[in-house]
Structures are given as structure tokens and as C-alpha cells.
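Each remark here refers to the structure printed beneath this line.
One-based numbering, in listed order, for ligands and for the atoms of each. Everything numeric here is computed off the predicted structure, so don't read it as measured data.
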Amino acid sequence: MESPILVTGGTGTLGRRVVTRLRDAGCDVRVLSRRSHQDAEHVEYMSGDLLADDGIDAAVEGAGVIVHCAGSNKGDDEATRNLVRAASRAGSPHLVYISVVGADRIPLVSGIDRAMFGYFGFKLAAERIVQGSGLPWTTLRATQFHDLVLLVAKQMAKLPVIPVPSGIRFQPVETDEVAARLVELALATPAGLVPDIAGPRIYSTSELLRSYLRAVGRHRPMVPMRLPGRAARAVRDGANLAPDRAVGKRTWEDFLSERVSAGP
Ligand SMILES: NC(=O)c1ccc[n+]([C@@H]2O[C@H](COP(=O)([O-])OP(=O)(O)OC[C@H]3O[C@@H](n4cnc5c(N)ncnc54)[C@H](OP(=O)(O)O)[C@@H]3O)[C@@H](O)[C@H]2O)c1
């Protein structure tokens, strides 16, 4: 019997698509989650918490590959350290990590930088833990997922006036295309840091918000807001973009028209 593939964060936006694709490829999948779930065919759920360092040993036991999709705004370094420790105790699984474009290009030198862009620092620290783990590894950096952009647009649209960070652009990518690439990497030999995956087009923040508002049939005034600090400057200079890696196929417009409608 083939060893199972562990997917941390296999209940999340990205991870659940990775789980589906691995299962469809004929793999036995194990999912680590902080909550309990009903097992499904070829998918076993195990309870554990990467930050609390709880339940990880049982989850990694016997896994030949670990696709590490668990994450949040902060603490990805600590969670990854705990995962790597348990994985190394269990053997030598191939560790596949999802990071973010710009992790290595956004300077975090002040409290303001860390307050607004600290996420990128946690991702870089986690990347380094994966790289120095002694395990065979592969890391893929992606730009922001369509689902995340939609979530943020929905939240912003609740405000009577929307503050728009000026000069900041995004290159959103289809989550399922990132999942497909991660599965491809998980089923291949360890490859280290692989070329980024980014969406087909770059948009200003106001373009993204306007297209969302148009799709839901709402109007909101927008006010430009200049974000202070070196991290924001790096992002204005495009540190979060990968124009040379615009390999994503599905556009934001296609995603939006399928997911959002203006209603009757
Ligand atoms: N969203 C983006 O635009 C984007 C872009 C580039 C890279 N990424 C990276 O892609 C990964 C997945 O992002 P996503 O948007 O799919 O995230 P998500 O929807 O918020 O899902 C997060 C997942 O992490 C799990 N998780 C969180 N804290 C955990 C903990 N302490 N212990 C165990 N599991 C924990 C959650 O599982 P339970 O709640 O079931 O425990 C959930 O399955 C993250 O590493 C993120 O940094 C995201």
C-alpha cells in the first residue's frame, strides 16, 4: 500500500482543492485540522493544532509527502517549525510548502511595516525553516488567490466610503490552479524553490474594487490613501507581483462573473 499524503490546512480554501485533486489522482489523503471531521473515501481527518504543537506526531506518522497548506495571518513560522520537528522524527517525507510572492522582497524594518505586511515576514521565516529542515522540500510562491480578493472586496464594500491604498496592485490567481500545481509538485521529486505562480493580469486596487461593486450593483465613493513605510513602498514598486510568471489562465473577470451576480 502506498503511504498517505498529509495535507495540513486541507480544510482551507486552497487545501480542500489540493485534497480533492490528490484523491482524484488515486492517493490516500490525510488531513490535519483543529476540528474533527467525518472521514470520506480515501480521506482521513486527524485532529491537531500546529501552533499548539498538538496531534502532529500522529498526523505525520507514515506520510511519504506532506503538503503544508495550513496558515494564517501570523505564526506560520512557529507552526512550520513544529511540523518540521515532528516530520523529522517520523522519517524523511517530501515537504511541499505554499508561500507568497514577495516574501523575500518586502522589507519589514518598522512597526508600521510589520503591522501592515508582517504576514510576508512570517512566510519568509517559514520558507527558511522548510529549506533548512534537512527534509527533501519544494516551495511554491503564489500571488493572492481570487477567493481572497473577493473576500476583501466584500468587506471593503461594507464601508460607506472605501479607503484605497494608492499605487498598490495585485495579480490575482485562481486558487484551483495553485492547487493543481501543488499536486503536480507533490507527486514529483523534491525541487527546492520552484518558479512562482501568478495570475494572468495585474490590476490596481481600485480596478478590483470597482469591478466587484459593478458586479453586485453597488456604488461606493473611494478615497485614495497613501500607506506609509518601506514595506508599502516595496509593494507599490511591485514586490508582490510576478509579471514574468503570469501563468494563470482564469481571469478575475471570469471568476467574478461566476461567483457574484448583481441579483434581480
Ligand atoms: N489566500 C491567498 O491569497 C494566499 C496567497 C499565497 C499563499 N497563500 C498561502 O496558502 C495557504 C492556504 O491559504 P488559504 O487562503 O487556503 O487559507 P485558509 O482558507 O484561511 O485556510 C487555512 C487553513 O489552515 C488551517 N490552520 C490554521 N491554523 C492552524 C493550526 N494552528 N493548526 C492546524 N491547522 C491550522 C485551517 O484548518 P482548520 O481551521 O480546519 O484547523 C485551514 O484549513 C497559507 O499558507 C497562505 O499563507 C495564500
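- The local environment of CZ in Arg16 is crowded, with over 12 non-hydrogen atoms from other residues, nucleotides or ligands closer than 6.0 Å.
- Arg230 CZ: 12 or fewer foreign heavy atoms inside a 6.0 Å radius.
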Might you work through the side chain to side chain donor-acceptor pair (under 3.5 Å) test for Thr143 and Gln171, ending with a clear yes or no? CA-CA 6 Å; Thr143 51; Gln171 191 177 351; 5.6 Å; no
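- The immediate protein surroundings of ligand 1, defined as residues with any heavy atom under 4.0 Å of it, consist of Gly9, Thr11, Gly12, Thr13, Leu14, Ser33, Arg34, Arg35, Asp49, Leu50, Leu51, Cys69, Ala70, Gly71, Asp76, Ile98, Ser99, Val100, Tyr119, Lys123, Ala142, Thr143, Gln144, Phe145, Leu148.
- In this view, Asp77 and Phe122, Ala125, Ile129 satisfy the side-chain contact (heavy atoms from CB on, under 4.5 Å) rule, not counting sequence neighbours.
- For the atom pair Leu140 CG and Arg181 CZ, the distance stands at 6.5 Å (nearest 0.5 Å).
- Side-chain contact of Thr175 with Asp147: a donor-acceptor pair under 3.5 Å is present, judged by distance alone.
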